[in-house]
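Start at 1 and go down the list; that is how both ligands and their atoms are numbered. Keep in mind that this is a model prediction, so the values were computed, not measured.
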Amino acid sequence: MTADLPDYTPPTVWKWDKANGGRFANINRPIAGPIKDVELPVGKHPFQLYSMATPNGVKVTIMLEELLALGHTGAEYDAYLINIGDGDQFGSGFVDINPNSKIPALMDHSTETPTRLFESGSMLLYLAEKFGAFLPSDHGKRTEALNWLFWQMGSAPYLGGGFGHFYAYAPVKIEYCI
Ligand SMILES: N[C@@H](CCC(=O)N[C@@H](CS)C(=O)NCC(=O)O)C(=O)O
């Protein structure tokens with residue numbers, strides 16, 4: 001019961017209590033930015049993907065695979081594991097692509113100067129526009145596709161992710177949150 005929980009007054013100056021993050025305390029940390037010098041590998045394909053198979057990570061991999069299945073050879077990519085449990089997202093090379101230290105991160109080396117991409121929704125839109133695929137040109141249909149794109153970025157994480165977090169990962173079970 002929420003009523004049984006001790007009162008909590010947010011402090012004026014917040015301090016990160018690392019021990020209070022539950023089972024996944026070492027991921028989804030409230031910090032970003034480089035904490036170590038790490039150069040990222042770069043392969044020979046147009047796209048360089050730095051990611052991990054989490055729900056946010058797989059979206060872009062699925063999109064790239066679907067583009068390849070349609071015959072868009074320009075969507076060939078090299079994929080590198082960024083192990084967020086080991087803190088790979090805090091390496092300097094990764095942060096150069098995503099200052100927010102979150103996977104997935106993507107580079108497009110087929111543009112005149114390499115284009116960096118962070119935020120999975122931005123990547124889906126970028127790839128759809130670049131290859132003219134999966135985004136209708138008809139005004140109404142395009143708007144409907146974008147409605148759902150923004151829904152899955154803005155609402156799905158709070159419905160699904162929020163539930164999953166408070167049900168499975170949070171160190172205390174809070175009825176109100178679940
Ligand atoms: N809105 C971002 C969310 C990315 C995100 O939350 N990534 C998580 C894994 S699913 C992450 O990298 N967590 C590592 C950390 O926070 O340290 C997107 O869609 O790209």
Side-chain angles (χ1 to χ4, degrees), residues 14-42 45-67 75 77-109 111 114-131 133-135 142 144-172 177-178:
W14 181 78
K15 274 210 188 99
W16 179 21
D17 176 3
K18 289 187 194 172
N20 197 28
R23 223 169 92 207
F24 283 72
N26 61 341
I27 65 163
N28 292 323
R29 282 171 271 204
I31 56 163
I35 56 173
K36 52 194 171 187
D37 269 330
V38 183
E39 215 173 292
L40 289 177
V42 179
H45 292 112
F47 285 95
Q48 301 296 305
L49 176 64
Y50 306 96
S51 189
M52 192 179 177
T54 70
N56 283 311
V58 294
K59 289 181 218 169
V60 182
T61 319
I62 291 170
M63 179 70 163
L64 288 165
E65 289 296 327
E66 290 293 332
L67 288 167
Y77 64 101
D78 296 292
Y80 300 97
L81 176 66
I82 297 296
N83 190 331
I84 57 176
D86 289 348
D88 293 350
Q89 69 276 36
F90 300 105
S92 55
F94 185 86
V95 173
D96 282 346
I97 307 176
N98 187 358
N100 195 32
S101 294
K102 305 262 185 230
I103 61 100
L106 184 68
M107 287 297 296
D108 181 359
H109 285 271
T111 48
T115 305
R116 78 170 186 184
L117 290 131
F118 57 90
E119 284 298 318
S120 57
S122 173
M123 292 172 206
L124 296 180
L125 186 55
Y126 179 92
L127 292 168
E129 287 187 327
K130 180 168 178 120
F131 293 102
F134 301 116
L135 188 60
R142 178 185 161 87
E144 184 64 4
L146 291 178
N147 287 343
W148 285 107
L149 175 68
F150 281 86
W151 174 82
Q152 69 84 21
M153 290 307 293
S155 294
Y158 293 97
L159 299 174
F163 171 71
H165 176 86
F166 284 108
Y167 190 77
Y169 305 152
V172 286
C177 300
I178 293 169

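- Residue I103 touches ligand 1 through backbone and side chain together, judged by heavy-atom distances below 4.0 Å.
- Ranked by closest heavy atom to atom 11 (C) of ligand 1, the top entry among E119, K102, M123 is K102.
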Check: residues 149-156 side-chain donor-acceptor pairs under 3.5 Å, at least two apart:
from: Q152; atom 1: OE1; to: K59; atom 2: NZ; distance (Å): 3.0
from: Q152; atom 1: NE2; to: L149; atom 2: O; distance (Å): 3.4

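- Near M153, with a cut-off below 4.0 Å to any heavy atom, the atoms of ligand 1 are 1 (N), 19 (O).
- Residue, atom and distance of the protein heavy atom nearest to atom 17 (O) of ligand 1 are Q89 NE2, 2.7 Å.
- By the side-chain contact (heavy atoms from CB on, under 4.5 Å) test, N147 is found to be paired with T143, E144, residues two or more places apart in sequence or in another chain being considered.
- Under a 4.0 Å heavy-atom criterion, P104 is in contact with ligand 1.
- Heavy-atom minimum distance, K36 versus D88: NZ-N, 4.3 Å.
- Those atoms of ligand 1 that come under 4.0 Å of a heavy atom in I84, given as number and element, are 9 (C), 11 (C), 12 (O), 13 (N), 14 (C).
- A donor-acceptor pair is defined here as one N or O able to donate and one able to accept, closer than 3.5 Å; no such pair exists between the side chain of S51 and the backbone of I103.
- Residue N98 holds its CG atom at 13.0 Å from OH of Y50, rounded to the nearest 0.5 Å.
- In this structure, CZ on F47 lies 8.5 Å from CG on L67, to the nearest 0.5 angstrom.
- In summary, the atoms of ligand 1 found under 4.0 Å from a heavy atom of N56, numbered by their order in the structure, are 3 (C), 4 (C), 5 (C), 6 (O), 10 (S), 19 (O).
- Distance from atom 8 (C) of ligand 1 to its nearest protein heavy atom, with residue and atom name: N28 OD1, 3.6 Å.
- No option in H109, Q48, E65 other than E65 meets the side-chain hydrogen bond (donor to acceptor under 3.5 Å, both in side chains) test with Y77.
- Of the protein's non-hydrogen atoms, T54 OG1, 3.0 Å is the one closest to atom 10 (S) of ligand 1.
- Contact atoms of ligand 1 toward S120: 18 (C), 19 (O), 20 (O) (distance under 4.0 Å to a heavy atom of the residue).
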